[in-house]
Amino acid sequence: MARRKRPLPFIENLEILDAGAEGKAVARYNERVVFVPFAAPGDVVDVQVYKKRRNYYEARIENIHSESDLRIKPECSHFGLCGGCKWQHLDYDAQKKFKQKQVKDSLDRIAKVPYPEVLPIIGAEKIFYYRNKLEFTFSNRRWLTDLDASKEDGGPADTNGLGFHLPGMFDKILDIEHCYLQADPSNNIRLAVKQYAIDNGLTFFNARTQEGLLRNIIIRNAVTGDLMVIVVFKYSDKKNIDGLMQFLSEEFPEISSLMYVVNEKLNDSITDQEPVLFKGEPYIMEEMPSPVEGGEPFKFKVGPLSFYQTNPEQAFQLYKTAYDFADFKGNELVYDLYTGTGTIASFVAKSVEKVIGVEYVEDAVADAKQNMALNGIENIEFYWGDMAKVLNDDFVSKHGKPDVLLTDPPRAGMHEKVVKQILTMAPEKIVYVSCNPATQARDVALLHEKYDIIKVQPVDMFPQTHHVENVILLHLR
Ligand code: SAH
């Protein structure tokens with residue numbers, strides 16, 4: 001390995017200026033941006049640079065001279081190591097303020113088009129225990145912390161762990177004692193499974209050598225109280241698999257869907273695998289209130305491989321914002337792009353003439369059709385394929401030009417071809433739901449050719465993280 005000629009700089013008395021990108025706080029030093037994870041705007045710190053690039057540094061806090069007023073004591077003992085909740089040291093009002101600013105900055109710096117004042121972010125009531133899905137990974141080489149015996153002392157006898165990947169390390173796992181993201185019995189299930197595995201000599205996976213039986217555990221819950229647990233094994237070992245599944249079923253009778261997967265592949269993804277039902281139903285039921293007063297709540301069937309928004313209470317706020325922005329009259333033809341399992345399409349269907357949903361994951365479309373039927377909805381048609389290809393002139397002449405277009409693309413935003421097609425179709429209104437204000441701003445700049453921004457509403461789906469969702473209403477000029 002090449003040796004560095006000069007050591008990377010140690011910077012003293014650095015003032016942290018902003019909350020910045022990807023959850024890393026931002027400072028400036030000699031014309032360079034410095035990204036400092038786990039710092040708070042207003043802190044004055046000494047930092048050690050660990051990565052140097054042409055126009056930025058990445059640095060770690062070595063010493064805090066004065067703490068920002070925005071700081072609070074993180075709840076979680078894993079804060080600072082775990083990549084999950086990078087903003088736990090920021091007071092929730094400050095978190096909301098920085099998310100609001102992220103939306104505004106994206107519009108100013110990337111969209112560069114006129115927009116009305118950004119509406120105050122819709123914050124979450126639950127700032128902990130809000131997620132309905134977590135995936136934990138087993139490893140026989142857990143990350144050793146300060147609390148572990150040192151190497152000189154021979155190191156800990158047992159290095160098995162069950163928790164989250166450390167940022168940037170594919171084979172090291174941070175063993176989790178208590179996670180503040182998912183409600184009970186999530187922590188108890190994880191801890192009980194780990195203890196059972198250790199007591200019974202079940203082997204924990206090693207991602208380098210690909211050895212070990214236990215790979216992952218996925219815990220999903222729903223507002224209905226349904227609870228799904230999926231254990232992922234590396235190979236088929238009937239005796240040990242049955243033993244663990246039996247243990248889970250007896251210890252946690254509240255599990256309504258207990259499943260397992262034997263994943264022999266190199267990677268952890270189970271989307272191409274067949275989950276096996278051990279006990280209960282092969283799905284959980286989610287429920288969401290109707291946007292119409294007095295309306296029946298929606299029911300959604302969520303299978304082991306189906307996507308469902310991970311913060312269900314805030315998903316309602318997000319959909320309700322989109323619904324209110326669209327201000328339906330009842331006779332509209334609506335396109336719902338990137339419809340996933342058709343949740344937004346179902347949410348609006350009863351208030352419009354017809355909805356066309358488009359999505360490229362075939363299984364999601366199958367779920368979407370089931371969900372439509374489950375909710376007694378008949379006026380949605382779902383189509384399947386890559387948006388840039390499906391949404392062509394033929395498609396539009398066959399199904400008609402939409403009056404209202406709803407779009408909820410992945411983080412990368414919309415393909416330029418899709419934006420062009422929207423400009424050609426020229427719906428009266430566009431409601432753009434986004435999980436990435438930067439790509440949304442880029443797309444809105446292109447749409448500005450024909451559209452004005454009427455409303456901007458950020459929604460906080462992920463407290464304790466830097467992520468923010470944003471809804472923009474656009475009107476045809
Ligand atoms: N609106 C849904 C899902 C939004 S997530 C909800 O609220 O639950 C974005 C969706 O876009 C995912 O379902 C993903 O599968 C789909 N997607 C991503 N790229 C796509 C593409 N190129 N064409 C069509 N769908 C795509």
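Remember, it's 1-based here, ligands and their atoms both numbered in the order they're listed.
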Establish, for the pair K369 and F382, whether the NZ or CZ atom is under 6.0 angstrom from the six-membered ring centre and no further than 45 degrees off its axis.
no
I'd like a table of the close N/O pairs between ligand 1 and the protein (anything under 3.5 Å), one pair per line with both atom names and the distance.
residue	atom	partner	partner atom	Å
ligand 1	1 (N)	Y338	O	3.1
ligand 1	1 (N)	D408	OD2	2.8
ligand 1	7 (O)	Q309	NE2	2.7
ligand 1	7 (O)	Y319	OH	2.6
ligand 1	7 (O)	D408	OD2	3.2
ligand 1	8 (O)	Y319	OH	3.2
ligand 1	8 (O)	T343	OG1	3.2
ligand 1	13 (O)	E359	OE1	2.7
ligand 1	13 (O)	E359	OE2	3.3
ligand 1	15 (O)	E359	OE2	2.6
ligand 1	22 (N)	D386	OD1	2.7
ligand 1	23 (N)	M387	N	2.9
ligand 1	25 (N)	Y360	N	3.2

V390 side chain near W384 side chain, heavy-atom distance below 4.5 Å
no
Can you pull out every ring-ring contact (aromatic ring centres under 6.0 Å, His included) where at least one residue sits in residues 397-446? Sequence neighbours excluded, please.
Y383-H399, F395-H399
Are L174 and H78 close enough that some pair of their side-chain heavy atoms sits under 4.5 Å apart?
yes
Flag this pair as yes if the NZ/CZ of R190 is under 6.0 angstrom from the six-membered ring centre of F136 and inside a 45 degree cone about the axis; otherwise no.
yes
Any heavy-atom pair between the side chains of L391 and V418 that's under 4.5 Å?
yes
